[in-house]
Amino acid sequence: MPRDLQTYLRDEIKSTAFCPGCGNGILMGSVLRAIDALGLDMQKVLFVSGIGCSAWIPSPHFKADTLHTLHGRPVAFATGAKLANPALEVIVVSGDGDLSSIGGNHLIHAARRGIKLTIICSNNFIYGMTGGQVASTTPLGDFSATTPAGNPYPPFDLVRLVMAAGASFAARWPVTRPVHLIEAIKKAIRARGVGFVDALTPCPTQYGRRNKFRELVDQYDSLEKMCIDREEARKLSEEERKNKIVVGDFETFCP
Ligand SMILES: Cc1ncc(C[n+]2csc(CCOP(=O)(O)OP(=O)(O)O)c2C)c(N)n1
Ligand code: SF4
Ligand SMILES: [Mg+2]
């Protein structure tokens, strides 16, 4: 039976270290709500994260077992933990840079091996913690500390990447759609092999201010408007789809 919000937050969360307006708070709440809705016993869950602001989502926030590991290596640690104790529900929560830039190889090989892991990527399109450097997820043309003239490279489509590598389930939702996000996290936890969620989230401090979002609300608004459902995307031409991000649950690879 779900607990009321007050009790829930008191029981499961310590205190927060995120900047005001950071989307990681919504993602953190979504992870907890998904776990609560599934009725998982927190004592049987291990959270693993790497290094970065998003890696703080489970540790130090959650009153649970956490492994706060090396930058880029949470999936490697999670794989080891799952092999050592297959009864553990192992959930990785970390940043886009952590999981797909420095840690990209661990991500695709975990998907290929089909090991039962949930991997939730807080994708804020940038290296937030270290001063806003470009990541493998930074959109083409966007500004970062290391791309003052605009990013010359296209970003990874993380859903396609992990599905092509063999993930059982992958989804992409922005934190502006928490109901969908929570449902996707539940499905990822229930997936046979790797269940992956690309959670799009604003980083006002590093990404937002460099990309000319004067008001916090504009960044949330712009993210929400950029996201379109698959059905909607199919109706658009390639040109019209250019600056859009297709969101949804992807149980099978669908180009
Ligand atoms: C081996 C290694 N290289 C680089 C770093 C520095 N470093 C720490 S966090 C980070 C980037 C984090 O970005 P991301 O994973 O996207 O997390 P965010 O802060 O955006 O949530 C980097 C480059 C490190 N700690 N270890
Ligand atoms: S730097 Fe960005 S990602 Fe990190 S806590 Fe601040 S707003 Fe969030
Ligand atoms: Mg990031």
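We count ligands from 1, going down the list as the structure has it; atoms in each ligand are counted the same way.
- N151 and T147 share no side-chain donor-acceptor pair at under 3.5 Å.
- Atom 17 (O) of ligand 1 has G52 CA, 3.8 Å as its closest protein atom, hydrogens excluded (heavy atom only).
- An N or O contact shorter than 3.5 Å is missing between I102 and ligand 1 by distance.
- Annotation: atom 13 (O) of ligand 1 to nearest protein heavy atom, Y127 CA, 3.5 Å.
- Counting non-hydrogen atoms of other residues, nucleotides and ligands closer than 6.0 Å to CZ of F156 gives a total of 12 or fewer.
- The protein heavy atom nearest to atom 16 (O) of ligand 1 is D96 OD1, 2.5 Å.
- Residue T130 touches ligand 1 through its side chain alone, judged by heavy-atom distances below 4.0 Å.
- Without hydrogens or angle criteria, D142 side chain to T138 main chain gives no donor-acceptor distance under 3.5 Å.
- Here M129 has heavy atoms under 4.0 Å from ligand 1 in both its backbone and its side chain.
- A donor-acceptor pair under 3.5 Å links the side-chain atoms of Q133 to the main chain of T130, judged by distance alone.
- Counting non-hydrogen atoms of other residues, nucleotides and ligands closer than 6.0 Å to NZ of K63 gives a total above 12.
- For ligand 1, the atoms closer than 4.0 angstrom to any heavy atom of G97 are 14 (P), 15 (O), 16 (O).
- Interface of D98 with ligand 1, defined as ligand atoms under 4.0 Å from a residue heavy atom, comprises 14 (P), 15 (O).
- Only one option out of R177, R234, K235 pairs with D229 in a salt bridge (Lys or Arg N to Asp or Glu O under 4.0 Å); it is R177.
- Listed for the D65 side chain is no donor-acceptor partner under 3.5 Å among the backbone atoms of L46.
- Close contacts between ligand 1 and I126 involve ligand atoms 16 (O), 20 (O) [criterion: under 4.0 Å to a heavy atom].
- Contact annotation: C19 places an N, O or S atom under 2.8 Å from atom 6 (Fe) of ligand 2.
- Of the protein's non-hydrogen atoms, H71 CD2, 3.5 Å is the one closest to atom 4 (C) of ligand 1.
- Within the coordination shell of atom 2 (Fe) of ligand 2, defined by N, O or S atoms under 2.8 Å, C203 is present.
- With no hydrogens or angles considered, a side-chain donor-acceptor pair links S237 and E240 at under 3.5 Å.
- Every atom of ligand 2 is numbered from 1 in the order shown, and the set under 4.0 Å from a heavy atom of P204 is 7 (S).
- In terms of polar-atom proximity, C53 is counted as a contact of ligand 1, with an N or O under 3.5 Å from an N or O of the ligand.
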>> If you apply the rule ring-ring contact (aromatic ring centres under 6.0 Å, His included), what do you find for F77 with H68, and how did you get there?
In response: CA-CA 9 Å; F77 280 83; H68 204 145; over 10 Å; no
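- Side-chain atoms of K116 do not come within 3.5 Å of backbone N or O of K82 as any donor-acceptor pair.
- R230 places a side-chain N or O within 3.5 Å of a backbone atom of D249 that can act as its donor or acceptor partner.
- Under a 4.0 Å criterion applied to the non-hydrogen atoms of S54, ligand 1 contributes the atoms 18 (P), 21 (O).
- Under 4.0 Å from ligand 1, not a single heavy atom of N24 appears.
- In this comparison of G131, G132, C22, G128, the heavy atom closest to atom 20 (O) of ligand 1 sits on G128.
- For ligand 1, the atoms sitting less than 4.0 Å from at least one non-hydrogen atom of N124 are 18 (P), 20 (O), 21 (O), numbered in the order shown with element in parentheses.
- Residue, atom and distance of the protein heavy atom nearest to atom 8 (Fe) of ligand 2 are C22 SG, 2.4 Å.
- Of all protein heavy atoms, the one lying nearest to atom 4 (Fe) of ligand 2 is C53 SG, 2.3 Å.
- Here the side chains of V48 and V90 are in contact, with some heavy-atom distance below 4.5 Å.
- For atom 3 (S) of ligand 2, the closest non-hydrogen atom of the protein is N124 ND2, 3.4 Å.
- Residues N124 and T201 have side chains that never bring a donor and an acceptor to within less than 3.5 angstrom of each other.
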